[in-house]
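First the proteins, then the strands, lettered A, B, ... as listed; each starts at 1. Small disclaimer: the values here were computed from a predicted structure and weren't measured.
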Amino acid sequence: MSQVSTKPASGMRDFLPAEAARRRRVFALIEEVYQSYGFEPLETPTMERLDTLLGKYGDEGDQLLFKVMKRAQKLERALNRESPGETDLADLGLRYDLTVPLARIVAQYQNDLPRYFKRYQIAPVWRADRPQKGRYREFVQCDVDVVGSTSMTVEAEVASALSEVLDRLGFGEYRIHLNHRRLLSAMLEASGIAEAKWSGVLITIDKLDKVGRNEVIRELQEERGVGREAVDRLLSLLGAQPTLAEENQGTLDRLREAVGHLEDGQVALKELTEVLRFADGGPAGPRLIVDPYLARGLAYYTGPIFEIRSDEFSGSIGGGGRYDELVGMFTKQSLPACGFSLGIERILMLMEEAGKFTDEPAPADVLVTLWDPDFTPNSLALARELRAAGLRVDLYPDGGDKMGKQFGYADERGLPFVAILAPRELEDGVVAVKNLKTGDQEKVPRGEVGRWIVERLPGRS
RNA sequence: GUGGGCGUAGCUCAGUCGGUUAGAGCGCAGGUUUGUGGUACCUGAGGUCGCGGGUUCAAUUCCCGUCGCCCACCCCA
């Protein structure tokens, strides 16, 4: 293989037609649901200025940014520096998520946007991670966000929208874990842990259901440098990890006793209670689980945080939360915001594994055969007539090929019908139509053939 | 960035305790069937065994390096 590899770049994928069509159907459904909640589309560039992206996601995130090299003289100048680093040589980066670009948009176009800006965006993002099961370097996120309100109705609506998507996809098994950044702050403060250690501690706590209580205790002490007493205090405040929506009230009561006397705790508990109350009765209601162990790594969250989890996958399949300070990083006029991202790649993967994609629609309704090269105008005319009747029509391109080959092609593509127009049929003013599913073949008058097929298409009534 | 596994036909993989023409299934092409697919049977094409170096009379096989893929960790969707 001295030739150039034909594989896609590491962590990136090609989608052949059947899979591409499947993805589009799922995206269309998501779009439909998002629109039904009043969200509007937004499109932003795949690349952003590096400064826009840096410092928004935490150190880990900065590392995972795909950076784009400077060009021409700028690059030469950068190369001539002492010992140029990545950020000296690059001035652009591929977007890492859709939230930071949204914040930039809001900061830039405040005057042109409605008072409450509800946008959705379904688009690829890039992360220079090492690929793994369900993890890619290029993947599509499906975001909904509301900018401009601090009301918990936003959290409730956003959670409902994504629940509705998952329910309509038939993705049965999932939970939405719910926590609050300020609740975590209150607990860390009450445990007497230094603020500098908080982010590390949160990451460890978040792993409880994966690695178990003892490992969490060990990691907190040995890797996060938290004293034994503080660890004990923290874990007793957190209590047992809830796994059912029915436990929510009990969890909230318990947390109120633990940190209700602190301002952060009080605000967080009030807001969480509201989210549950507002979501009650909607699709998200039975899925929400108050989980004091939920942390989430992205640095910009300030209020309620969510994460969708499934027993079928170890990572998260969606996440989000409130980020009231992010817009303020781009402009003096700060604006509150809250939103959510669906990890559609992982959802598609799990649905695929569960065998949810059967009965894929055929790429066309009918193949028009080509008797021989001289007959091409006749077949082209028939194809036009069938298209005018509303059919998706494929014309066999090479007239020299045997009927068997033409039928084999139609079968291979899964087309339900083949329309044959040869000298015999032309003379009789008919078209021979074969149903490839049943094997039946009939002669249909030329003028009726379009409607005849339309009425017999699979899945139509 | 760390650890483990794997690179042999278009695809999924077998095989070689170092030895002469490297195999299977699927797919592809042709035929049995000069107006008809999906089943069956027959025939055929297709491989510098990832790349580079080393050991050896001899390397696809052993050793080293390198690149790529997969899985796990970290972190995340």
Separation of B/rC73 C1' from A/R218 CZ (nearest whole Å): 13 Å
Pairing of A/E48 and A/K56 as salt bridge, 4.0 angstrom limit: no
Base-contact (B) and sugar-phosphate-only (S) positions in nucleotides 32-44 of chain B, heavy-atom cut-off under 4.0 Å, - elsewhere: ---BBBB------
Charged tip of A/R119 within 45° of A/F39 ring normal and under 6.0 Å: no
Ionic contact status for A/E219 with A/K207, cut-off 4.0 Å: yes
Distance, nearest 0.5 Å, that separates CD1 of A/I420 from OH of A/Y396: 14.0 Å
A/Y409 side chain to A/D401 side chain, donor-acceptor N/O pair below 3.5 angstrom: no
Touch class at under 4.0 angstrom, heavy-atom based, for A/G318 against every strand present: sugar-phosphate
Spacing of A/R135 atom CZ relative to B/rA72 atom P, expressed in whole Å: 9 Å
Geometric cation-pi criterion, A/R296 with A/Y301: 6.0 Å, 45°: no
Sugar-phosphate, base or nothing in reach of A/K207, heavy atoms under 4.0 Å: sugar-phosphate
Length of the CG-P vector between A/D401 and B/rG30, whole Å: 8 Å
Touch class at under 4.0 angstrom, heavy-atom based, for A/T369 against every strand present: nothing
Distance, rounded to the nearest Å, where A/E345 contributes CD and B/rC76 contributes C1': 14 Å
Polar atom pairs (N or O), protein with nucleotides 3-6 of chain B, under 3.5 Å:
none

Heavy-atom neighbours of A/M403 CE exceed 12 at 6.0 Å: yes
Nearest-angstrom distance from the residue atom CG of A/L64 to P of B/rC75: 11 Å
Interatomic distance where CG belongs to A/D206 and P belongs to B/rC74 [whole Å]: 11 Å
Structure string for RNA chain B in dot-bracket form, Watson-Crick and G-U at under 3.5 Å, | interchain: (((((((..((((.....[...)))).(((((.......))))).....(((((..]....))))))))))))....
Distance between P atoms of B/rG47 and B/rC11 (Å, rounded): 13 Å
For atom CZ of A/R13 and atom C1' of B/rA77, their distance in whole Å: 11 Å
Salt-bridge criterion met for A/R25 and A/E360 (N-O under 4.0 Å): yes
Pairwise C1' distance for B/rG25 and B/rU66, with rounding to whole Å: 33 Å
Value in whole Å for how far the C1' atom of B/rA29 lies from CG of A/D398: 15 Å
Sugar-phosphate, base or nothing in reach of A/Q132, heavy atoms under 4.0 Å: base
Name of the residue among A/Y120, A/F306, A/Y37 meeting ring pair (Phe, Tyr, Trp, His ring centres under 6.0 Å) with A/F340: A/F306
